[in-house]
> 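Got a structure for you, written out below as structure tokens; questions coming shortly.
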Amino acid sequence: MSDCNCEQPLVPHIVEVIDIVEETPDVKSFYVKSAGGGLPYQVMPGQCSMLSLPVGEGMFSCTWQEGQEYQQYAIKRVGLLTEELHQIEVGQKLGLRGPYGNGFPIAASRGKDMLFIAGGIGLAPLRSFIKHCFKNRSDYGKITIIYGSRSYNDLCFKKELFEEWPNQPDTEVHVTIDNPEEAWKGHVGFVPAYVEELAPDPAGKVSVTCGPPIMIKFALQSLQKLGFEDEQIVTTLEMRMKCGIGKCGRCNIGSQYICLDGPVFDLTQLKQLPQEW
Amino acid sequence: MKILAKDKVAELLEKIAQQAEVYVPMAIEQGSGFYPWTEDNKNQPLLLDALNVYNSPKYILFPQTERMYDLKQQGQDLSIDQTHEDSSPRVIFGVRACDARALRSLDDVFLTRGFEDSFYKARRDNVTVIGNACYAPGANCFCEAMGVDLTEPEADVILRDAGNDGYIWESKTETGDKLTRAVAEFLNDKETKAPEAKSFQTQVDYDGVAEKLKGMFEHPLWEKMAEPCVNCGACTYICPSCHCFDIQVKMWGDSGYRFRCWDSCMYAEYSAEAGGGNPRPSGVERFRNRFLHKLEFFSERYGYSLCTGCGRCTIVCPAGVRITDIIKAIKEVDSSVGL
């Protein structure tokens, strides 16, 4: 649960966009800081913020902030708000409120080997945890990243994926795309199948998965097949959200609200809840 | 004990209205509900004797639409000029136990679990609730089965109708004491007795239902029970405890405001995601979510049912869905069938 004690949790701060980076044809990263300078608030890896333009608000997982003077949000163009966000330019003011949600089990994962599994824009939330591990390299064991997208063009954070992360100590990065492409020499196929093919050893590992719901469902099955225990299987979920503070109702899975009690759940917790996500 | 004579009610309301907005149960035209005690409304019939009114007092603490803050956009600039927390003093007069319980559930939703909703809090902190104890439950009433004591509305003051002797006036909280002092001139001391509560016409057995539902998410019963439902959402709007809301914006050119408004889990748009997904794509899933929220999920989270047994949804449903039938069906069905 967030420890935010803000007096008006539904009223946003005003932030300014200081940089925009095109990650893929339909994903852009927005770098924001408070309109008065500095950070609007601290957000932990896996926590989310409600970003807004007059047209509407949307919940986005923070892609990176730790130790920086800005927050980064990598956002895919899919609907009304994100369509408008993709039109804005540097200098635009936005509404931002948060931080929301529980975040990744950073402390509980210390000393463990990390397995990150992501599909498409699902790498955006995981990236905050991945970069946290690299920043605190000695706290974590071997790091394995398995990432896939529809096509080469749709792979996010290519520079990190192909140049930076594979060169980190004790790190493996495995990338796949859904369908063959002429220039692509890497693996072709869906992420869950690739996970099973790579068959990472569950011993001493924590797995963290994010992607489209259907990918998450299959990836969790793959991990169970490989012998991962429920508490070693962590995922972060998303649903439509409006308030972000567990009041407006819509993001419930059973009695739990993704915005407040999640978005990060392990399989032990998910098994207590209805399969409705 | 303190007594409010029945012919003093209007004067008492008049006195309170000098300090606060007063809401009273009234019939106006085709409808009935809690209306402000204003010059225009004073001549309308007060419904203190009626079992309950059509519209609950929910909207006084949680308005159907509520302006939250003003927005201005100029070029790349965006500003929030003003927020609209409303802390006017208000008194709600004549709230039945079912509706008072619903206010408690709104309190739990909006004021607990990590975040206090500032818009709700501003209203809540400045409201005094005067309950009206029930002694003769109506045909659709089943509050007792849902854990509500009909004679003990959770309020600052409780009125008990002692017939010709007037209303017994019982202050229950400090806020109630404060109001009692302010209206002392209309209260007199006299010993009388509240009536005996009559028994319920609708018998419902909710005991163990929340626990039983834990294993019934995939039960075939949901499809059968949801069949008549047309997902119109009337039950959610009339419900005194349904608290779901949407956040929307109204802009005229560069300026406007963000507001929230009641929403309904009966609608596909409620949970439809920007990317095209929807975890509750059909009416059956939405129906199931609503009744599980009322009968299981809320009690898992807050310790009591979100249904207060007021019976309004049964009255408004155009398709004849009765939550009492649903509770009965769950109670009787073999929870392992079809799983």
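Computed from heavy atoms alone, side chains included, the values below leave out hydrogens, waters and symmetry copies. This structure is a prediction, so every number in the text was calculated from the model and none was measured. Residue numbering restarts at 1 for every chain, and letters A, B, ... go by the order of the sequence lines.
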> Under a plain distance cut-off of 3.5 Å, with no hydrogens placed, do A/Asn252 and B/Arg301 share a side-chain donor-acceptor pair?
no

> So what's closer than 4.5 Å to chain B heavy atoms on A/Pro212: side chain, backbone, both or neither?
neither

> Return yes when atom CD of B/Glu227 has more than 12 non-hydrogen atoms of other residues, nucleotides or ligands closer than 6.0 Å, and no otherwise.
no

> Between A/Gly254, A/Pro274, A/Cys248, A/Gly249, which has the largest tally of heavy atom pairs under 4.5 Å with chain B?
A/Cys248

> So what's closer than 4.5 Å to chain B heavy atoms on A/Val17: side chain, backbone, both or neither?
neither

> For B/Lys250, does the NZ atom have more than 12 heavy-atom neighbours from other residues, nucleotides or ligands under 6.0 Å away?
no

> For residues A/Glu57 and B/Arg258, determine if any side-chain heavy atom of one lies less than 4.5 Å from a side-chain heavy atom of the other.
yes

> So B/Ile80 and A/Pro12, do their side chains get closer than 4.5 Å, heavy atoms only?
yes

> If I compare all heavy atoms of A/Pro9 with all of B/Ser118, which pair ends up nearest, and what's the gap?
CD-N, 4.3 Å

> Under 4.5 Å, counting heavy-atom pairs only, tell me which of B/Gly276, B/Ala272, B/Gly75 racks up the most with chain A.
B/Ala272

> Out of B/Lys72, B/Gln248, B/Glu269, B/His293, which one racks up the most heavy-atom pairs below 4.5 Å with chain A?
B/Glu269

> Report which part of A/Ile14 has an atom under 4.5 Å of a heavy atom belonging to chain B: side chain, backbone, both, or neither.
side chain

> Does any donor atom in the side chain of A/Ser255 or B/Glu296 lie under 3.5 Å from an acceptor atom in the other side chain?
no

> With heavy-atom distances below 4.5 Å as the criterion, would you say the side chains of A/Leu10 and B/Arg260 are in contact?
yes

> Once rounded to the nearest 0.5 Å, what's the spacing between atom CD1 of A/Ile253 and atom CG of B/Asn289?
11.0 Å

> Of the backbone (N, CA, C, O) and the side chain (C-beta and beyond), which part of A/Ile88 lies under 4.5 Å from a heavy atom of chain B, both, or neither?
neither

> Considering only heavy atoms and a distance below 4.5 Å, find which of A/Gln256, A/Gln272, A/Gln92 pairs most often with chain B.
A/Gln92

> Heavy-atom distances under 4.5 Å only: say whether A/Glu16 touches chain B with side chain, backbone, both or neither.
neither

> Is there a side-chain contact between B/Phe115 and A/Leu260 (heavy atoms, below 4.5 Å)?
yes

> Does B/Phe119 reach the side chain of A/Val11, with side-chain heavy atoms less than 4.5 Å apart?
yes

> Does the side chain of A/Gln275 pick up a donor-acceptor pair with the side chain of B/Glu218 at under 3.5 Å?
no

> Under 4.5 Å between any side-chain heavy atoms of A/Met239 and B/Pro279, yes or no?
yes

> Can you tell me if B/Tyr304 has over 12 outside heavy atoms packed within less than 6.0 Å of its OH?
yes

> For the side chain of B/Glu116 and the backbone of A/Gln8, is there at least one donor-acceptor N/O pair under 3.5 Å apart?
no

> Between B/Gln73 (side chain only) and A/Pro54 (backbone N and O only), is there a donor and an acceptor less than 3.5 Å apart?
no

> Tell me, side chain or backbone of B/Leu111 under 4.5 Å from chain A's heavy atoms, or both, or neither?
backbone

> Tell me, side chain or backbone of A/Val90 under 4.5 Å from chain B's heavy atoms, or both, or neither?
backbone

> side-chain contact (heavy atoms from CB on, under 4.5 Å) between A/Tyr257 and B/Arg113: does it pass, once the steps are laid out?
CA-CA 11 Å; A/Tyr257 290 109; B/Arg113 310 291 153 129; over 6 Å; no

> Counting heavy-atom pairs under 4.5 Å to chain A, which of B/Tyr69, B/Phe298, B/Phe110, B/Tyr270 comes out on top?
B/Tyr270

> Any idea which of B/Glu273, B/Met251, B/Arg280 has the most non-hydrogen atom pairs under 4.5 angstrom with chain A?
B/Arg280

> Which atoms of B/Arg286 are under 4.5 Å from chain A, going by heavy atoms: the side chain, the backbone, both sets, or neither?
neither

> When rounded to the nearest 0.5 angstrom, what distance separates CG in B/Leu71 from OG in A/Ser52?
7.5 Å

> Out of B/Asp117, B/Val109, B/Asn278, B/Leu292, return the one with the most heavy atom pairs under 4.5 angstrom to chain A.
B/Val109

> Atom NZ of A/Lys242 and atom CG of B/Asp246: how far apart are they, to the nearest 0.5 Å?
4.0 Å

> Which of these passes salt bridge (charged side-chain N to carboxylate O under 4.0 Å, His left out) with B/Asp263: A/Arg250, A/Lys247, A/Arg240?
A/Arg250

> Determine whether more than 12 heavy atoms belonging to other residues, nucleotides or ligands lie under 6.0 Å from atom CD of A/Glu231.
yes

> Under 4.5 Å from any heavy atom of chain A, what part of B/Thr112 do you find: side chain, backbone, both or neither?
backbone

> Please classify the contact between B/Ser79 and chain A as side chain, backbone, both or neither, with a heavy-atom cut-off of under 4.5 Å.
backbone

